[in-house]
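Since the structure comes first, as structure tokens, the remarks are kept for the end.
Along the sequence shown, residues are numbered consecutively beginning with 1.
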Amino acid sequence: MLDEVERWLAARSWSVTDRPLQQLLAAKQAGGQTVSVVLPALDEEETVGEIVSVIRRELMERVALVDELLVVDSGSRDRTSAVAAAAGARVVHRDAILPRVPAVPGKGEVLWRSLLVTGGDIVCFVDADLREFRADFVSGIVGPLLTDPDVHLVKAMYDRPLGATPGQGGRVTELMARPLLNMHWPRLAGFVQPLGGEYAARRSLLERLPFPVGYGVELGMLVDALHLVGLDALAQVDVGVRRHRHQDGQALGRMSAAIYRTAQLRLARSHLVRPTLTQFERGAEGFEPRTYSVDTEERPPMIQIAEYATRRVA
């Protein structure tokens, strides 16, 4: 590990207990900063309601840390929107945001569009499939942004059990993202959960970043933020244990392909990659190929979008 990364680990890795809630509230009041929490959701009726309820009860009603709580539904076929609204979130459908630009499937697409319908100086993203959710997933990663003006992006770090087995979650991180980062962006090698879906950032940073539309969004954002604001502006906070729904091996393969493509573009933008992935499933007559397209689109920095610029002026 680079000496710079070792120093960064000591200076920019914290625990959720390092900043008590009252300290965060005082810093928020003194700085006049507002906080938006965004949950991207697709068919998450089983978990989204509890996450929304905890944030609303613990961080909006009991204390005023979060100013805005938004669920962006990206086309759920279940009751995700109804459950989220009943729990107290504002719910917006992905396709209703910036309708002149046709939406494409993908998590990054939803996160990008959320910037147009939120107003917080700090934007916190939380996956909607978390189980046993705690409010400090939000307060922990928002904390450094409220208390330290030099910090611009904060990732959550945590243990990820796979079923009853501790520490075996995050397979795409260990098999794809971590090797890529260590080899090509070694200054980012200190991030425990580089692909984690829980992170917070200043709007002033997010609006200047391109957003890969799919699963590559977290890696792309981390790499681009490093180049834009530098390593010392990035941080991570230990929030304990993260439990969520796990994907099967083939879904993980498609995620890995999207993440590799995101990395490759940043390494050599002039080099074209074939954006497909073929996997195999056993059928009635043996193994049958299934070919999937890999996300090949990225959204430009939001600050370049006319509707966003108009809203900022207004």
Side-chain angles (χ1 to χ4, degrees), residues 36-60 66 68-97 103-118 123-142 155-156 158-163 169-173 193 195-200 211-218 221 239-252 254-255 258-259 295:
S36 298
V37 176
V38 174
L39 277 68
L42 177 63
D43 296 330
E44 303 293 359
E45 67 176 2
E46 292 185 5
T47 51
V48 69
E50 177 64 16
I51 298 171
V52 168
S53 295
V54 170
I55 295 172
R56 185 159 194 88
R57 181 180 66 249
E58 301 293 332
L59 300 179
M60 299 181 78
V66 171
E68 183 178 33
L69 176 55
L70 175 73
V71 170
V72 183
D73 191 327
S74 58
S76 297
R77 293 163 295 180
D78 64 6
R79 298 180 61 253
T80 290
S81 288
V83 170
R90 178 164 66 99
V91 179
V92 179
H93 194 282
R94 174 200 62 196
D95 296 352
I97 307 170
V104 297
K107 178 183 178 183
E109 177 83 352
V110 173
L111 301 185
W112 181 72
R113 289 174 185 262
S114 76
L115 297 181
L116 259 171
V117 289
T118 53
V123 182
C124 175
F125 299 120
V126 176
D127 282 350
D129 65 343
L130 302 189
R131 302 180 185 278
E132 302 177 23
F133 179 79
R134 304 183 314 279
D136 54 17
F137 268 67
V138 172
S139 59
I141 56 179
V142 165
K155 298 279 294 188
Y158 33 64
D159 295 317
R160 296 182 68 180
L162 181 60
R171 290 161 288 173
V172 175
T173 293
Q193 296 292 351
L195 300 185
E198 289 67 52
Y199 49 99
F211 277 61
V213 297
Y215 287 119
V217 63
E218 274 85 23
M221 188 178 295
V239 297
V241 179
R242 182 186 196 266
R243 302 183 188 277
H244 65 114
R245 183 186 67 251
H246 291 282
Q247 304 279 357
D248 63 32
Q250 294 214 334
L252 297 180
R254 297 190 290 275
M255 292 171 63
I259 289 162
D295 298 318

- Query: Is Asp159 reaching over with its side chain to a backbone N or O of Val241, donor-acceptor style, under 3.5 angstrom?
  - Reply: no
- Task: For the residue pair Phe137 and Val54, establish whether any side-chain heavy-atom pair is separated by less than 4.5 Å.
- Result: no
- Taking the side chain as C-beta and beyond, is there a heavy-atom pair between Ser114 and Val38 under 4.5 Å? yes
- Quick one: pull up CG in Asp95 and CD in Glu109 and give me the separation to the nearest 0.5 Å. 9.0 Å
- Query: Looking only at atom types and distance, does a side-chain atom of Arg113 sit under 3.5 Å from a main-chain N or O of Ile97, one as donor and one as acceptor?
  - Reply: yes
- Approximate separation, where rounding is to 0.5 Å, of Phe125 CZ and Lys155 NZ: 10.5 Å
- Item | Considering all heavy atoms, the nearest Val91-Ala84 contact | CG2-CB, 3.8 Å
- Task: Identify the two heavy atoms, one from Val92 and one from Arg90, that lie closest to each other, and give their separation to 0.1 Å.
- Result: CG2-NH1, 3.7 Å
- Query: Does Glu50 have any salt bridge (Lys or Arg N to Asp or Glu O under 4.0 Å) partners at least two apart in sequence or in another chain, and if so, which?
  - Reply: none
- Taking the side chain as every heavy atom from C-beta outward, state whether Glu218 and Tyr199 have any atom pair closer than 4.5 Å. yes
- Item | Donor-acceptor side-chain pairing of Asp129 and Thr47 below 3.5 angstrom | no
- Evaluate whether atom CZ of Arg79 has more than 12 neighbouring non-hydrogen atoms of other residues, nucleotides or ligands under 6.0 angstrom away. no
- Query: Side chains of Asp136 and Ser139: donor-acceptor distance under 3.5 Å anywhere?
  - Reply: no
- Task: Over all heavy atoms of both residues, which pair between Gly216 and Ile259 is shortest? Give the atoms and the distance, please.
- Result: CA-CG1, 4.2 Å
- Message: Do Val71 and Ser81 make a side-chain contact, defined as non-hydrogen atoms from C-beta onward lying under 4.5 Å apart?
- Response: no
- Would you name the heavy atoms of Val138 and Cys124 that are closest together and state the gap between them? CG1-SG, 4.1 Å
- Just how far is it from atom CD of Glu44 to atom OG of Ser76, taken to the nearest 0.5 Å? 7.5 Å
- Please round to the nearest 0.5 Å and tell me the distance separating atom OG1 of Thr80 and atom CG of Asp73. 5.5 Å
- Any side-chain heavy atom of Tyr158 sitting closer than 4.5 Å to one from Glu198? yes
- Message: Which heavy atom of Pro40 sits nearest to which heavy atom of Val110, and what is that distance?
- Response: CB-CG1, 3.7 Å
- Side chain to side chain, Leu39 and Leu70, heavy atoms closer than 4.5 Å: no
- Message: Do Val213 and Val217 have side chains that approach each other closer than 4.5 Å (heavy atoms only, starting at C-beta)?
- Response: no
- Item | Partners passing salt bridge (Lys or Arg N to Asp or Glu O under 4.0 Å) against Asp127 (at least two apart in sequence or in another chain) | Lys107, Arg242
- Item | Flag side-chain contact, heavy atom, 4.5 Å: Arg131 against Glu46 | yes
- Query: Any ion pair linking Arg77 and Asp43 (charged N to carboxylate O, less than 4.0 Å)?
  - Reply: yes
- Note on the structure: Scanning both residues in full, the closest heavy-atom pair of Glu68 with Ser36 reads OE1-OG, 2.5 Å
